[in-house]
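Okay, structure first, notes after.
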Amino acid sequence: MRTRTLRLEPVVFHTCNAIAMLALAVITLYPFLNTLAVSFNAGNDTLRGGIYLWPRVWTEQNYRAIFAGGTIFHAFWISVARTVLSTVLSLLLTSMLAYTVSRKEYVFRKPVTIIIVLTMYFNAGLIPYYFLIKDLHLLNHFLVYIVPGLISAFNMIVIRTYMQTLPEGLIESAKVDGAGDFRTYVSIILPLCQPVLATVALFVAVGQWNSWFDTFLFASSKQNLSTLQYELMKLLSSSMNSNSSAAVANGADPGAARNLVTPMSIRASVTIAASLPILVVYPFLQKYFVHGLQLGSVKE
């Protein structure tokens with residue numbers, strides 16, 4: 001009887017674990033799948049309710065309303081450019097700073113670290129920040145998306161903590177072989193920091209991709225600098241604040257638009273259009289994400 005109980009315990013555990021994981025997956029995926037179904041369902045039919053995992057009246061009109069006019073495509077490439085450039089430059093500069101303050105032989109390591117940490121808790125506010133951007137001549141300039149976010153105090157701390165867990169003997173052996181600090185940083189530190197760099201890259205990329213408020217503040221007067229999130233925000237706001245559809249505003253047939261496009265369907269389509277690129281990129285970084293975040297948050 002004792003042996004039979006011992007044999008049943010792993011089976012019961014794995015069964016319960018599988019059921020719990022399946023339920024968690026369903027709870028996690030359902031909101032996204034429901035939003036996807038609503039985005040492909042006719043707007044007037046969506047108002048009746050009852051849309052769950054599959055559209056009842058299939059239509060692409062919601063996405064046609066979003067992408068009509070061509071401005072979304074240009075804004076998409078602006079968002080891609082700012083995301084790629086900001087991620088690459090931020091990783092480079094933040095990791096260089098993290099390597100500097102992680103070295104014990106750096107005399108000003110503690111004061112510099114304290115000053116950087118203080119920026120996480122204190123800031124001058126929005127109005128002084130606006131005047132700073134103005135004085136730097138970054139208003140209505142593409143660099144306004146890149147320069148202000150080059151260094152992140154939080155990301156620097158995460159990368160620095162990870163670097164402090166690396167064996168000191170690796171750096172000492174590189175110096176014995178004649179490598180300077182920059183050569184050590186490029187040849188030794190960066191290859192070993194791939195997990196935490198991938199984690200921070202995901203943080204920066206998602207933040208840059210989802211950002212629209214800086215466009216509203218600093219570049220709203222120049223259409224050619226408008227980002228995807230800002231255009232989608234304007235489209236969503238116009239659809240929520242008026243009874244006319246976005247398709248009518250873009251020159252589509254009014255009768256068809258009234259039947260197919262509603263604020264609810266526009267909201268679902270905007271959500272899918274904005275989140276899809278990040279969902280495509282995330283699986284390539286996910287294998288580094290947990291490992292890098294764990295090691296970057298625990299000091300040796």
Side-chain angles (χ1 to χ4, degrees), residues 13 17 21 24 80-123 143 145-211 277-300:
F13 172 78
N17 186 57
M21 292 299 102
L24 182 62
V80 170
R82 70 170 291 181
T83 300
V84 173
L85 290 175
S86 295
T87 302
V88 173
L89 293 176
S90 179
L91 279 182
L92 177 63
L93 297 179
T94 305
S95 61
M96 291 177 67
L97 178 60
Y99 174 67
T100 301
V101 299
S102 69
R103 304 309 306 144
K104 296 180 180 179
E105 60 268 22
Y106 179 48
V107 179
F108 301 104
R109 177 170 61 97
K110 290 185 178 180
V112 171
T113 302
I114 292 174
I115 293 173
I116 294 173
V117 170
L118 287 177
T119 63
M120 298 175 59
Y121 300 99
F122 303 99
N123 63 80
L143 290 179
Y145 299 142
I146 309 297
V147 175
L150 284 178
I151 300 294
S152 168
F154 174 78
N155 293 339
M156 188 279 295
I157 293 173
V158 172
I159 298 175
R160 183 210 62 177
T161 306
Y162 185 94
M163 289 180 178
Q164 289 176 338
T165 64
L166 299 177
E168 189 68 23
L170 293 175
I171 299 176
E172 293 177 355
S173 62
K175 291 184 176 181
V176 169
D177 292 336
D181 286 326
F182 187 75
R183 180 63 183 274
T184 303
Y185 164 77
V186 173
S187 302
I188 305 296
I189 300 300
L190 285 184
L192 294 175
C193 289
Q194 287 185 4
V196 72
L197 291 179
T199 302
V200 172
L202 188 61
F203 289 160
V204 176
V206 171
Q208 287 289 338
W209 181 262
N210 290 332
S211 180
I278 291 297
L279 292 177
V280 173
V281 173
Y282 180 77
F284 297 98
L285 299 177
Q286 192 270 340
K287 62 180 180 180
Y288 300 107
F289 185 78
V290 175
H291 180 62
L293 191 60
Q294 287 177 342
L295 294 181
S297 61
V298 180
K299 187 174 180 179
E300 184 182 22

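Just so you know, these numbers come straight off a predicted model, no measurement behind them.
- By the 4.5 Å heavy-atom criterion applied to side chains, Arg103 and Asp181 are not counted as neighbours.
- In this structure, Met156 CE and Met120 CE are separated by 9.0 Å, a value rounded to the nearest 0.5 Å.
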Requested in this report: Begin with the C-alpha distance, continue with both residues' side-chain angles, and end with the deciding distance and a verdict on side chain to side chain contact (heavy atoms under 4.5 Å, CB included) for Ile151 and Ile116.
Outcome: CA-CA 10 Å; Ile151 300 294; Ile116 294 173; 5.8 Å; no
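- When all heavy atoms are compared, the tightest approach of Tyr106 to Val101 is CD2-CA, 4.5 Å.
- To the nearest 0.5 angstrom, Ser152 atom OG is 10.5 Å from Leu97 atom CG.
- Atom CG of Leu89 and atom CG of Leu150 lie 6.0 Å apart (nearest 0.5 Å).
- Taking each heavy atom of Ile159 and Ala98 in turn, the nearest pair found is CG2-CB, 3.7 Å.
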Query - Verdict with reasoning, Leu166 to Cys193, per side chain to side chain contact (heavy atoms under 4.5 Å, CB included) - result: CA-CA 9 Å; Leu166 299 177; Cys193 289; 4.1 Å; yes
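- Note: Ile171 CD1 to Met163 CE = 9.0 Å, rounded to the nearest 0.5 Å.
- Taking every heavy atom of both residues into account, Ile189 and Tyr99 meet most closely at CG1-CE1, 3.7 Å.
- Judged purely by atom type and a 3.5 angstrom limit, Asn210 uses its side chain to pair as donor or acceptor with the backbone of Val206.
- Between Arg82 and Tyr145, the shortest heavy-atom distance links the atoms NH1-CD2, 3.4 Å.
- With a 4.5 Å cut-off on side-chain heavy atoms, Phe203 and Val158 do not count as touching.
- Using cut-offs of 30° and 60° for the angle between ring planes, the Phe182 and Tyr185 rings count as tilted.
- Heavy atoms only, all atoms of each residue included: Thr94 and Asn155 are closest at CG2-C, 3.9 Å.
- Taking CD1 of Ile146 as the reference point, atom OG1 of Thr83 lies at 8.5 Å (rounded to 0.5 Å).
- Tested against Leu91, the residues Leu190, Val204, Leu197 include a single side chain to side chain contact (heavy atoms under 4.5 Å, CB included) partner, Leu197.
- Note: Ile114 CD1 to Lys110 NZ = 8.5 Å, rounded to the nearest 0.5 Å.
- Shown here for Gly180 and Thr184, the closest heavy-atom pair between the two residues is O-OG1, 2.7 Å.
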